[in-house]
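Below, read A as the first sequence line, B as the second, and so on, with proteins coming before strands; counting in each chain starts at 1.
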There are 2 protein chains.
Amino acid sequence: MARWEPDALGRLQRAALALYGERGFDQTTVAEIAEAAGLTKRTFFRYFADKREVLFRGSEELEELIVAAVGSAPPFTVPLDPVAAALDAAATMLEPRKEFSVRRQRVIAANPELQERERIKLATLAAAVAQALRLRGVGDLAAILAAETGITVFRVAFERWVDPANEHPLDRLIQDSLHELRGAVTAAVPVAS
Amino acid sequence: MARWEPDALGRLQRAALALYGERGFDQTTVAEIAEAAGLTKRTFFRYFADKREVLFRGSEELEELIVAAVGSAPPFTVPLDPVAAALDAAATMLEPRKEFSVRRQRVIAANPELQERERIKLATLAAAVAQALRLRGVGDLAAILAAETGITVFRVAFERWVDPANEHPLDRLIQDSLHELRGAVTAAVPVAS
DNA sequence: TAGTCGTTGGCACCTTGTGACATCATCTCC
DNA sequence: GGAGATGATGTCACAAGGTGCCAACGACTA
């Protein structure tokens, strides 16, 4: 038997998501989250660096998955290709967690501070992808641009995925966005006959 | 004769940049900035929504310039083209302010909170560019992707521009990044003979 | 001279976030 | 089985960011 109720971190996360969803991020104090989880403010800050971070714990796993997929993608002709393969792997991981993703994203969309944090998380993800590309021999500038562009595609597709009107799976939306991107950046490439 | 020293906003901005540069963002309190400007903390928060915003005032002008340039760019074959023209206009505007840009960027680079704010500013800029593209008949998804990609190119080029080792003008770096991007996203496009 | 208006100051207050120390249940070792 | 050791939690005090409210002040107008 545990000394305290188990899974303090999970309780704080669930309480935070619930309260942020009910009354909004600004209208929720850390003390309230802690109380709802049967803990104190001080303990909250031992698990999370700040009030926002409680919504972003777990993004490291996604990063590891994506970086690994970039590293193990088949040989490629263009740096964006392995990134595309990695995004597909990420989509497979996220698809079963759609309900959670939707609730979380609704909270983030309602608050600029949370959007800032979200952007930073994606930026560090892009940096990690760029590094993985360099390890596969891609030049510095091309690696950064392919990584950042890939993450942009991911973000746009993700936003469409969590949209209530959407019916498609995430991997499909990613493919669509990738296709649209290529058309928006360069003219159609004639297929070698 | 003025009742108070004129240009309270400018004094606060200069004091903030100086203090952030000297001792760092975290080690500078708002009260110190206000005192250095001959004002009080309360007045600081009347001009700036928060401690970070003092470094980002003025980005609206850049946004207006870029949006206008997207709107007035010549007819295009691919959505990224008018964005590229707009970035060139932005480079022309920024080139004379390089010293200020360098000092400001050094402060931002040293602090994650400021990087968050910077990313959000660029994100709203990208949204404005996407809207300008839509007004020129570009489809929704292509507009977003072209805008986000263009802003990414701009950010990468800007970072290289303010690098102490750099010698090139901003517009040149933007051209380079654009070229590299096209190569990183699609295979080389044969020119129609 | 009285009234109005915009800028600033003063003050109380709430919240985030941190440092230092106390508590308390379990585990280990003797 | 009892004495620490350990690790998670609580308690308290406090700095700093940020806001609401009202007073003070100087100029301009009637």
- For B/H168, what residues pass the side chain to side chain contact (heavy atoms under 4.5 Å, CB included) criterion, not counting sequence neighbours?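 So B/H168 forms a side chain to side chain contact (heavy atoms under 4.5 Å, CB included) with B/N166, B/R172, B/L173.
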- Following the transitive rule for hydrophobic clusters with a side-chain heavy-atom cut-off under 4.5 Å over Ile, Leu, Val, Met, Phe, Trp and Tyr, establish whether B/I33 and B/L39 coincide in one cluster.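 Looking at the clustering, B/L39 is in the same group as B/I33.
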- In residues 29-48 of chain B, what residues come within less than 4.0 Å of DNA chain C, judged by heavy atoms?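 Contacts with DNA chain C under 4.0 Å: B/G38, B/L39, B/T40, B/R42, B/T43, B/R46, B/Y47.
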Send over the distance from [X] [atom1] to [N] [atom2], rounded to a whole Å.
X      : N      : atom1 : atom2 : answer
B/Q27  : D/dA16 : CD    : P     : 11 Å
A/K51  : D/dA16 : NZ    : P     : 21 Å
A/D26  : D/dG17 : CG    : P     : 18 Å
B/N111 : D/dG17 : CG    : C1'   : 14 Å

- Task: Hey, could you give me each pair passing salt bridge (Lys or Arg N to Asp or Glu O under 4.0 Å) that has a residue in residues 11-29 of chain B? Not counting sequence neighbours.
- Result: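 Pairs touching residues 11-29 of chain B that pass the test: B/D7-B/R14, B/R23-B/E32.
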- Message: Checking B/Q105 against B/E118: is there a side-chain donor and acceptor pair closer than 3.5 Å?
- Response: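 Note: B/E118 and B/Q105 side chains meet the donor-acceptor criterion.
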- Message: Once ring pair (Phe, Tyr, Trp, His ring centres under 6.0 Å) is applied, what residue pairs with a partner in residues 7-34 of chain B remain, sequence neighbours excluded?
- Response: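 Sorted pair list: B/Y20-B/F25.
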- To the nearest 0.5 Å, tell me how far B/R97 CZ sits from B/F100 CZ.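 These two atoms lie 8.0 Å from each other.
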With a cut-off of 3.5 Å and sequence neighbours excluded, list every side-chain donor-acceptor pair involving residues 81-93 of chain A.
{"residue": "A/D81", "atom": "OD2", "partner": "A/T77", "partner atom": "OG1", "Å": "3.4"}
{"residue": "A/D88", "atom": "OD1", "partner": "A/Q175", "partner atom": "NE2", "Å": "3.2"}
{"residue": "A/T92", "atom": "OG1", "partner": "A/D88", "partner atom": "O", "Å": "3.1"}

- Message: Looking at A/E99, I want to see if its CD is surrounded by more than 12 non-hydrogen atoms of other residues, nucleotides or ligands under 6.0 Å.
- Response: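 At most 12 heavy atoms, drawn from other residues, nucleotides or ligands, come within 6.0 Å of this atom.
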- Within residues 8-22 of chain B: residues closer than 4.0 Å to DNA chain D (heavy atoms):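 The answer is none.
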